[in-house]
Amino acid sequence: MNSVRCSRLAASLACLLLSFSVATSAAKVNKHKPWIETTYHGIVTENDVTVLLDPPLIALDKDAPLHYAERYEVTFTKEGEICGFRIHGQNVPFEAVMVDKTTGGGVLRAKESMDCELQKEYTFTIQAYDCGEGPEGENMKKSHKANVHIQVNDVNEYSPVFKEKSYKATVIEGKKYDSILRVEAIDADCSPQYSQICSYEIVTPNVPFTIDKDGFIKNTEKVNYSKDRQYKLAVTAYDCGKKRSTEDVLVKINIKPTCKPGWQGWSKRIEYEPGTGSLALFPSMHLETCDEPVTFIQATIELETSHIGKGCDRETYSEKSLHRLCGVASGTVDLLPSPSISTNWTVGLPTDNGHDSDEVFEFNGTQAVKIPDGILTTSSEEPLSISVWMRHGPGAGIQGEKETILCNSDKRDMNRHHYSLYVHNCRLVFLFRQNPSESENFRPAEFHWKIDQVCDKEWHHYVLNVDIPTVALFVDGVAHDPFLVTEDYPLHHSKIQTQLVVGACWQEYTGNENENETVTEAYPGGEFRMAQFYHGS
């Protein structure tokens, strides 16, 4: 208690009030944390900084003095005042500003203008803190952290832009279309209201076309090729905020005359120079159907050459004459010529009884011919081509057996196949064992093709261009890559001569041989000279 003495009653009351004031000031401490709401929702308009917050940003503190105490002459301290707000989060573009420390009111605002196209929403936390005790603000207390969600309201600042610089389409005269083409525009605004395209409009007047809200253009009446061959339309777009595209887009619609079905893109005359390889007859030919359904197509092609009277070379000339006419390379050898005094190794082979120029030999699994020595002089080390017409079907031979078309094997003592072309389970295989070399490494030896033509019972023309390590196969002029290539060691050195056979493989071990015989079965005693016969269809 204060020891001041007072002589009058008024003085005594004044002293009493002074004593109460001192006691109250001494007992004031910062005991409570500030309090704020747990969640705030805010809206900020694009290109603005002011945030409208719900509920308002206000912090309360139980340490704040009572208002009725102001009627007395009491000295108040800063305990209970709110000094500010802190924002927590990474790269938050907002700040909280204190408006009134006594009431705890504050506002939230952006540090810079917001851009909805960059980011539409922000989420962070905010916390209030009081001023603590005494002039130094000791024992400062913080509130809990409240969640703040801010949404950026879009402003219609962008105009629609078309995806393409121009559009074009073609229609046939005399027809009405449900849809000819579609134009499409986009808008860079962030909100559905301003980023969506609500309508399109054809700006060009007096044209027989219309456009719907999705950008589909159609004709309102039938167009006439003789009247207009092309229409140029200017089209604009509007977003849902009624903002128009800054640039219209050009749409060109070409008119075609009434379509006539038929073959197009071919020429009656074709120039061919011998020795230049294959030539596509009609590379650009196509069938114009005029968009109508097709149920049946029949085409007939007739070729006539100007240097002969009439007909096809195949029917008029022998194989040897064809070679001269077509410019076949020198060194080409016919392994199955028509029988004659000088070419007698095909005597005895069944034929189709055709003319000499188109004679066809039959190999039914019992026939084969040995090619006499000296007929084929090409070395296996040089590039070579093998050409053959063949018709073969499934099940023609024994299941799993090889059917040899052409084989070059050891003439005696051994059973080595140097090169061979054969059919195995409806697959075409070419074997080529390379000659010995200094390096005994594996090399490509077997080339396999799996193609439908081998077993479809139809005539096909096969050409193999051999240039090891590659082998190119053409069937009816179309190239086919092998689906499998296996490797093997080169053959060992040997002075044994080889025997070339068509329709089987020569596999002699003992006995005499007749150079010009046609072998149809095994020799007595079980010593086979031929194996792996070809079975044609």
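Starting from 1, each residue takes its place in the sequence as its number.
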Between [X] (side chain) and [Y] (backbone), is there a donor-acceptor pair under 3.5 Å?
{"X": "N425", "Y": "R427", "answer": "no"}
{"X": "D239", "Y": "K242", "answer": "yes"}
{"X": "K243", "Y": "N156", "answer": "yes"}
{"X": "T470", "Y": "D467", "answer": "yes"}
{"X": "S420", "Y": "L431", "answer": "no"}
{"X": "Q264", "Y": "H286", "answer": "no"}
{"X": "K120", "Y": "C190", "answer": "yes"}

Any side-chain heavy-atom pair of [X] and [Y] under 4.5 Å:
{"X": "Q119", "Y": "E121", "result": "no"}
{"X": "P34", "Y": "D130", "result": "yes"}
{"X": "E157", "Y": "E117", "result": "yes"}
{"X": "N47", "Y": "M114", "result": "no"}
{"X": "K33", "Y": "S143", "result": "no"}
{"X": "V183", "Y": "I217", "result": "yes"}
{"X": "L279", "Y": "I270", "result": "yes"}
{"X": "P261", "Y": "E288", "result": "no"}

Restricting to non-hydrogen atoms, name the atom on [X] and the atom on [Y] that form the minimum distance, rounded to 0.1 Å.
{"X": "A237", "Y": "I197", "value": "CB-CG2, 4.1 Å"}
{"X": "F483", "Y": "K450", "value": "CD2-N, 3.5 Å"}
{"X": "V155", "Y": "Y194", "value": "C-CD1, 4.0 Å"}
{"X": "I58", "Y": "Y40", "value": "O-OH, 4.2 Å"}
{"X": "F85", "Y": "G104", "value": "CZ-O, 3.6 Å"}
{"X": "N224", "Y": "I255", "value": "C-CG2, 4.3 Å"}

The single option from R86, K142, H88 passing side chain to side chain donor-acceptor pair (under 3.5 Å) against Q127 =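 Result: among R86, K142, H88, H88 is the only option passing the side chain to side chain donor-acceptor pair (under 3.5 Å) with Q127.
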
request  = Return yes if a side-chain donor-acceptor contact under 3.5 Å exists between D54 and H41, otherwise no.
outcome  =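 No, H41 and D54 have no side-chain donor paired with an acceptor closer than 3.5 Å.
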
Pair D248-T236, side-chain donor/acceptor within less than 3.5 Å =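 Present: a donor and an acceptor within the cut-off.
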
query = Which is it for L428 and L421 under the side chain to side chain contact (heavy atoms under 4.5 Å, CB included) test, yes or no, and what are the steps along the way?
reply = CA-CA 8 Å; L428 189 66; L421 178 64; 3.9 Å; yes

Pair [X] + [Y], salt bridge at N-O below 4.0 Å:
{"X": "K232", "Y": "D228", "result": "no"}
{"X": "R109", "Y": "E95", "result": "yes"}
{"X": "E173", "Y": "K175", "result": "no"}

query = Hey, mind stepping through S387 and H461 against side chain to side chain contact (heavy atoms under 4.5 Å, CB included) and telling me if it holds?
reply = CA-CA 7 Å; S387 173; H461 185 230; 2.8 Å; yes

task = Check the angle between the aromatic planes of F282 and W266 and answer parallel, tilted or perpendicular using the 30° and 60° thresholds.
result =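 Aromatic pair F282/W266 classed perpendicular.
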
Geometric class of the Y200/F162 ring pair [parallel <30°, tilted 30-60°, perpendicular >60°] =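 Tilted.
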
Could you give the distance from [atom1] ([X]) to [atom2] ([Y]), rounded to the nearest 0.5 Å?
{"X": "I87", "Y": "K145", "atom1": "CD1", "atom2": "NZ", "answer": "12.5 Å"}
{"X": "I180", "Y": "L233", "atom1": "CD1", "atom2": "CG", "answer": "8.5 Å"}
{"X": "D456", "Y": "R391", "atom1": "CG", "atom2": "CZ", "answer": "10.5 Å"}
{"X": "R244", "Y": "S159", "atom1": "CZ", "atom2": "OG", "answer": "10.5 Å"}
{"X": "I301", "Y": "L281", "atom1": "CD1", "atom2": "CG", "answer": "6.5 Å"}
{"X": "D452", "Y": "E458", "atom1": "CG", "atom2": "CD", "answer": "12.0 Å"}

Does the separation of the ring centres of [X] and [Y] fall below 6.0 angstrom?
{"X": "F94", "Y": "F124", "value": "yes"}
{"X": "H480", "Y": "W449", "value": "no"}
{"X": "Y462", "Y": "F474", "value": "no"}

task = Using a cut-off of 6.0 Å, state whether more than 12 heavy atoms not belonging to R182 lie near its atom CZ.
result =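 Correct, the count exceeds 12.
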
ask   = So does E247 have more than 12 non-hydrogen atoms from other groups sitting under 6.0 Å from CD?
value =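 Not more than 12 within 6.0 Å, no.
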
inquiry  = Working note: V51 + V107, criterion side chain to side chain contact (heavy atoms under 4.5 Å, CB included); need CA distance, chi angles, decisive distance, verdict.
reply    = CA-CA 8 Å; V51 178; V107 294; over 6 Å; no

inquiry  = With salt bridge (Lys or Arg N to Asp or Glu O under 4.0 Å) as the criterion, how do K101 and E81 come out once you've worked through the C-alpha distance, each side chain's angles and the decisive distance to 0.1 Å?
reply    = CA-CA 5 Å; K101 293 184 178 181; E81 288 186 347; 5.8 Å; no

Member of T210, I211, D178, D212 meeting the side-chain contact (heavy atoms from CB on, under 4.5 Å) criterion with K218 =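 Among T210, I211, D178, D212, the one that satisfies the side-chain contact (heavy atoms from CB on, under 4.5 Å) with K218 is T210.
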
task = Give me the one residue out of T123, L108, V92, L52 that meets side-chain contact (heavy atoms from CB on, under 4.5 Å) with I150.
result =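 Filter result, single survivor: L108.
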
key: side-chain hydrogen bond (donor to acceptor under 3.5 Å, both in side chains) between D189 and S195, intermediate numbers included   = CA-CA 5 Å; D189 287 306; S195 64; over 6 Å; no

inquiry  = I'd like to know whether H149 forms a side chain to side chain contact (heavy atoms under 4.5 Å, CB included) with N147, so could you lay out the CA-CA distance, the side-chain angles of the two residues, the decisive distance to 0.1 Å, and finally the verdict.
reply    = CA-CA 7 Å; H149 304 280; N147 293 322; 4.2 Å; yes

